Amino acid sequence: MSTVAAQASSAAGGGLSDVASSEASLRRFLHGLPGVDAVGLEARAATLGTRSIKTTAKAYAIDLAISMIDLTTLEGADTVGKVRALCTKGRNPDPTDPTTPRVAAICVYPDMVATAKAALNGTDIQVASVATAFPAGRASLPVKLADTADAVAAGADEIDMVIDRGAFLSGHYLSVFEEITAVKEACKRPDGTAAHLKVIFETGELQTYDNVRRASWLAMLAGADFIKTSTGKVAVNATPPVTLLMLEAVRDFKEQTGVQVGVKPAGGIKTTKDAMKYLVMVNETLGDDWLSPHWFRFGASSLLNDLLMQRQKLTTGRYSGPDYVTVD
């Protein structure tokens, strides 16, 4: 058992069922987690980032990375035509090469879910929708729940919610916990199934690595299916050290509870080289169990273009012209 998992077991009296029974017990648990060694974390992330992937392994990794992308458009100027075009690209990323994998999901605002769902009909590509007053999360709980329910009713397979960073940073952990559990309940469909819930921390606003660890455990305790770094709408988004810390958190959580949770770094991951670094981190920290779109995703828009160009270089021995990939 890892140090963090052992501490969690001890702090929870050998179990986690009563951790959120009160504000005091939840605070005691979260602040009882071992402090993060920032120097060690950053050094390990930097070391893993130096690993190189060559030839056939690189080809496999590029295809794996493509299959893990949540291809995203989250702009006020989004149109039905733009979303349909993005879905077409997700279904067939490289029209010249039918062996190119499809992306994992198309991520849109709730009002575009029905459009994406229709455009992806007949595929296994998921429709992800940001909800809960994304990206700031500044809305009342009833509004956030209605936002979620509307997206699910329109056909969303996955919901990406944002936590109330103000409440978290003020130490109101139980409030954040209860909001996550309420949104998870809103993800349920009438037939008893439910959309998967990704919980976004906006790690660039959480100030410390200790807070990232606490937020990770808080979200997982509340039932998150995925934990996600960022909205992509602030200055600091996904970074290797923060993602490594979250990978370690899901490892420790599974060790303690038996429950597997996914991880999604988002924002700022633009090149194949970047993606390879993250895949190495997943492999070295979690192993094969998480090397799947079911458990690891990239929140990205421009990343796919670079992966496609690198894929063609491996296949043909040359880079294509600037019009080889579509401009998102």
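Please read these numbers as outputs of a predicted model, since none were measured by experiment.
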> Would you say the side chain of L286 lies within less than 4.5 Å of the side chain of W295, judging by non-hydrogen atoms?
Replying inline: no

> Which pair of non-hydrogen atoms, one from L308 and one from P93, has the smallest distance, and what is that distance?
Replying inline: CD1-O, 3.4 Å

> Are R311 and D63 close enough for a salt bridge, meaning some N to O gap below 4.0 Å?
Replying inline: yes

> Under a 4.5 Å side-chain heavy-atom rule over Ile, Leu, Val, Met, Phe, Trp and Tyr, are I227 and V236 clustered together?
Replying inline: no

> Does the T181 side chain pair with the main chain of E178, one donor and one acceptor, at a distance under 3.5 Å?
Replying inline: yes

>> Using modelled atom types and a 3.5 Å cut-off, is there a donor and acceptor pairing between side-chain atoms of R91 and backbone atoms of A119?
In response: yes

> For the residue pair A275 and L303, what are the closest heavy atoms and their distance?
Replying inline: CB-CD1, 4.1 Å

>> Whether the side chain of K184 engages the backbone of G223 through a donor-acceptor N/O pair (distance < 3.5 Å, no angle test) should be reported.
In response: yes

> Is it true that a side-chain atom of E23 and a backbone atom of Y173 form a donor plus acceptor pair closer than 3.5 Å?
Replying inline: yes

>> Is there a side-chain contact between N283 and D288 in this structure, where contact means two heavy atoms from C-beta onward sitting under 4.5 Å apart?
In response: yes

> If Ile, Leu, Val, Met, Phe, Trp and Tyr residues are connected whenever their side-chain heavy atoms lie under 4.5 Å apart, and connections chain through other members, are V261 and L247 in the same group?
Replying inline: yes

> At their closest point, which heavy atom of L206 faces which heavy atom of A215, and how far apart are they?
Replying inline: CD1-CB, 3.9 Å

> Can you check side chain to side chain contact (heavy atoms under 4.5 Å, CB included) on V162 and E202, steps first, answer last?
Replying inline: CA-CA 8 Å; V162 289; E202 202 68 288; over 6 Å; no

> Side chains of I106 and V127: does their closest heavy-atom pair fall under 4.5 Å?
Replying inline: no

> Can you find a pair of side-chain heavy atoms, one from C187 and one from T148, that are under 4.5 Å apart?
Replying inline: yes

>> Does K233 form a side chain to side chain contact (heavy atoms under 4.5 Å, CB included) with L74? I'd like the steps, not just the answer.
In response: CA-CA 9 Å; K233 301 296 185 181; L74 297 170; 4.1 Å; yes

>> Using the rule given for side-chain hydrogen bond (donor to acceptor under 3.5 Å, both in side chains), can you reason through D274 versus T271, listing the C-alpha separation, both sets of side-chain angles and the distance that settles it, and then say yes or no?
In response: CA-CA 5 Å; D274 291 337; T271 69; 3.1 Å; yes

> Between the side chain of T193 and the main-chain N/O of R189, is any donor-acceptor distance below 3.5 Å?
Replying inline: no

> For the residue pair F201 and A219, what are the closest heavy atoms and their distance?
Replying inline: CE2-CB, 3.6 Å

>> If I take atom CD1 from residue I66 and atom CZ from residue R102, how far apart are they, to the nearest 0.5 angstrom?
In response: 13.5 Å

> Where is the tightest heavy-atom contact between A266 and N237, given as atom of each residue plus distance?
Replying inline: O-CB, 3.5 Å

>> With a 4.5 Å cut-off on side-chain heavy atoms, are D157 and K117 touching?
In response: yes

>> With rounding to the nearest 0.5 angstrom, report the CG to OG distance, D150 to S129.
In response: 9.5 Å

>> Name the residue from D78, V113, V130 that meets the side chain to side chain contact (heavy atoms under 4.5 Å, CB included) definition with V108.
In response: V113

>> side chain to side chain contact (heavy atoms under 4.5 Å, CB included), that's the test. Do M220 and T257 meet it? Break it down for me.
In response: CA-CA 10 Å; M220 293 187 290; T257 67; over 6 Å; no

> What distance separates K254 NZ from Q260 CD, expressed to the nearest 0.5 Å?
Replying inline: 4.0 Å

> Closest heavy-atom contact between A133 and A139?
Replying inline: CB-CB, 3.6 Å

>> Is it the case that the side chain of D306 and the backbone of T272 share a donor-acceptor pair, with hydrogens and angles ignored and the cut-off at 3.5 Å?
In response: yes

> Is a side-chain N or O of D70 found less than 3.5 angstrom from the main chain of C107, in a donor-acceptor match?
Replying inline: no

> Which value, rounded to the nearest 0.5 Å, describes the distance between L279 atom CG and F296 atom CZ?
Replying inline: 6.5 Å

> Side chains of M68 and K264: closer than 4.5 Å at any heavy-atom pair?
Replying inline: no

> So does E284 pair up with R51, basic N to acidic O under 4.0 Å?
Replying inline: yes

>> Once rounded to the nearest 0.5 Å, what's the spacing between atom CG of L30 and atom CZ of F168?
In response: 7.0 Å

> Do any N or O atoms from the side chain of K144 and from the backbone of E179 form a donor-acceptor pair under 3.5 angstrom?
Replying inline: no

> Does Q126 use its side chain to pair, donor to acceptor, with the backbone of D124 at less than 3.5 Å?
Replying inline: yes

>> For I62 and K58: C-alpha separation, side-chain torsions, deciding distance, then whether side chain to side chain contact (heavy atoms under 4.5 Å, CB included) applies.
In response: CA-CA 6 Å; I62 287 174; K58 184 175 182 179; 4.1 Å; yes

> How long is the gap from CD1 on I163 to CG on L218, to the nearest 0.5 Å?
Replying inline: 7.0 Å

> Out of curiosity, does V80 fall in the hydrophobic cluster containing L86 (side-chain heavy atoms, cut-off under 4.5 Å, transitive links)?
Replying inline: yes

> Ignoring hydrogens and geometry, is there a side-chain-to-backbone donor-acceptor pair from R251 to T285 under 3.5 Å?
Replying inline: no

> Considering only heavy atoms from C-beta outward, does the side chain of T132 approach that of I200 to under 4.5 Å?
Replying inline: no

> Is it true that I159 and I125 fall in one hydrophobic cluster, defined by side-chain heavy atoms closer than 4.5 Å?
Replying inline: yes

>> Between L141 and V152, is there shared hydrophobic-cluster membership here, with clusters defined by ILVMFWY side-chain heavy atoms closer than 4.5 Å?
In response: yes

> Taking the six-membered ring of F226 as reference, does the NZ or CZ atom of R297 fall below 6.0 Å from its centre and within a 45° cone about the axis?
Replying inline: yes

>> Is any side-chain heavy atom of F253 closer than 4.5 Å to one of L221?
In response: yes

